[in-house]
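The structure under discussion appears below in the form of structure tokens.
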Amino acid sequence: NPNFQHLHPLEAACTYVFRKEKTAVMQTGYADDLTITTGRHGEYSATYNNERVLKKFQVWLEWTRTMKAKPKKCIASGLRAGKPFDPELRVWEQNGQWFPKGLGSSHFKHLGKDLLADLSEGQAKKKAIEELSKLVGLVDGTLLRGIDKLWLWAAFVVQKLSWIFLIHDFPPSFVESTLQPIERKTLKKWGGLPKSGDPSIFFRSREHFGMNIPELCVQHKKQRLIRRHQLANSKDSRVREIHREFSKLQHKRDHTNTWD
């Protein structure tokens with residue numbers, strides 16, 4: 001990518017280095033979305049280095065004469081001792097305001113993933129609940145028969161949620177404690193199964209006298225495995241290295257096959 005090549009001279013002096021993984025990452029992006037991640041180097045803080053890289057990037061944009069930054073869409077956030085703070089970058093000025101603006105307590109979306117300043121998954125969990133409730137209401141509001149609604153659940157609702165499961169990091173315990181009760185209540189209602197009935201009839205294979213409907217807990221774990229496989233086999237050597245070291249850290253931490 002020509003954008004990244006232009007920033008290469010600053011990489012050694014400004015890039016963020018994963019301490020345990022010993023892997024450096026300064027710029028990531030896709031299409032017109034760009035993320036700049038910097039760290040402290042000597043006397044220069046991560047904030048100073050980030051501002052330095054962004055100003056260099058602005059010089060390149062002006063040189064192209066065909067591309068332009070959108071300051072109002074740019075945000076900045078930092079972590080100090082694991083806690084978020086506003087780095088107060090001063091790169092672009094419009095009407096007396098400096099951009100990028102600090103994230104604060106709001107959330108931002110990058111490549112489809114909802115993130116908070118502390119990189120927690122609170123917003124992602126909220127989105128999953130809202131999306132599931134919206135889809136259930138959409139299907140439930142139709143005049144279709146219960147069996148047809150069950151088909152829509154399997155072919156439409158679960159597939160919609162699969163993308164959220166793939167890109168976000170909330171644990172299986174959240175799916176089991178929060179999403180699964182909504183799932184079972186809805187399927188029992190549409191399938192005419194009593195509240196005390198065994199819901200496994202919806203998820204068992206047809207060979208075992210079930211309806212073979214994908215279960216959210218299982219679907220979530222499948223999507224997690226798919227993502228880990230993609231990271232482990234990425235064309236980017238840095239992504240593979242970070243994934244490899246992160247996996248080692250997980251094994252050392254708990255010595256079990258957990259779904260993190």
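In this chain, residues are counted from 1 in sequence order.
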Review point. Could you go step by step and tell me if Glu88 and Thr47 meet the side-chain hydrogen bond (donor to acceptor under 3.5 Å, both in side chains) rule?
Key: CA-CA 8 Å; Glu88 299 181 357; Thr47 299; over 6 Å; no
Review point. Is there a side chain to side chain contact (heavy atoms under 4.5 Å, CB included) between Ile164 and Phe170 once you walk through the steps?
Key: CA-CA 10 Å; Ile164 297 177; Phe170 45 75; 4.0 Å; yes
Practice item. Go through the steps to decide whether Val136 and Trp153 satisfy the test side chain to side chain contact (heavy atoms under 4.5 Å, CB included), and finish with yes or no. Key: CA-CA 8 Å; Val136 168; Trp153 172 277; 3.7 Å; yes
Exercise for review: Applying side chain to side chain contact (heavy atoms under 4.5 Å, CB included), run through Gln223 and Arg227 and close with a yes or a no.
Suggested key: CA-CA 6 Å; Gln223 295 301 99; Arg227 188 177 69 169; over 6 Å; no
Exercise for review: May I have the step-by-step check of side chain to side chain contact (heavy atoms under 4.5 Å, CB included) for Arg228 and Ser247, ending in yes or no?
Suggested key: CA-CA 10 Å; Arg228 292 296 289 263; Ser247 297; 2.9 Å; yes
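Other residues, nucleotides and ligands place no more than 12 heavy atoms under 6.0 Å from the CH2 atom of Trp163. Crowding of Ile147 atom CD1: a count of heavy atoms from other residues, nucleotides or ligands under 6.0 Å not exceeding 12. The neighbour count for Lys101 NZ, taken as heavy atoms of other residues, nucleotides or ligands under 6.0 Å away, does not exceed 12. Annotation: Arg238, atom CZ; neighbour count of heavy atoms from other residues, nucleotides and ligands within 6.0 Å is above 12.
Separation of the Phe174 and His220 ring centroids does not fall under the 6.0 Å cut-off.
Under the 3.5 Å distance criterion, the side-chain polar atoms of Lys149 are matched with a main-chain donor or acceptor of Asp140. Using modelled atom types, no side-chain atom of Ser133 and backbone atom of Glu130 make a donor-acceptor pair closer than 3.5 Å. Side-chain atoms of Ser234 never come within 3.5 Å of backbone atoms of Arg240 as a donor-acceptor pair (strictly under, hydrogens ignored). Judged purely by atom type and a 3.5 angstrom limit, Lys221 has no side-chain atom pairing as donor or acceptor with the backbone of Pro172. Checking side-chain atoms of Gln58 against main-chain N and O of Val91 turns up no donor-acceptor pair under 3.5 Å. Between the side chain of His168 and the backbone N or O of Lys125, no donor-acceptor pair lies under 3.5 Å. Proximity of a side-chain donor or acceptor of Glu51 to a complementary backbone N or O of Leu89 within less than 3.5 Å is not detected. In this structure, the side chain of Asn49 engages the main chain of Gly39 through a donor-acceptor pair within 3.5 Å.
Distance CG/Leu216 to CG/Leu187: 8.0 Å, rounded to 0.5 Å. Atom OG1 of Thr178 is separated from atom NZ of Lys126 by 14.5 Å, given to the nearest 0.5 angstrom. Taken to the nearest 0.5 Å, the CD atom of Gln123 stands 8.5 Å off from the NZ atom of Lys127. Note that the NZ atom of Lys56 and the CD1 atom of Ile36 stand 13.0 Å from one another [nearest 0.5 Å]. Separating the NZ atom in Lys72 from the NZ atom in Lys70 is a distance of 12.5 Å, to the nearest 0.5 Å. Rounding to the nearest 0.5 Å gives a distance of 7.5 Å between CE of Met211 and CD1 of Ile201.
Taking all atoms of both residues into account, the shortest heavy-atom contact from Ala76 to Pro87 is CB-CG, 3.8 Å.
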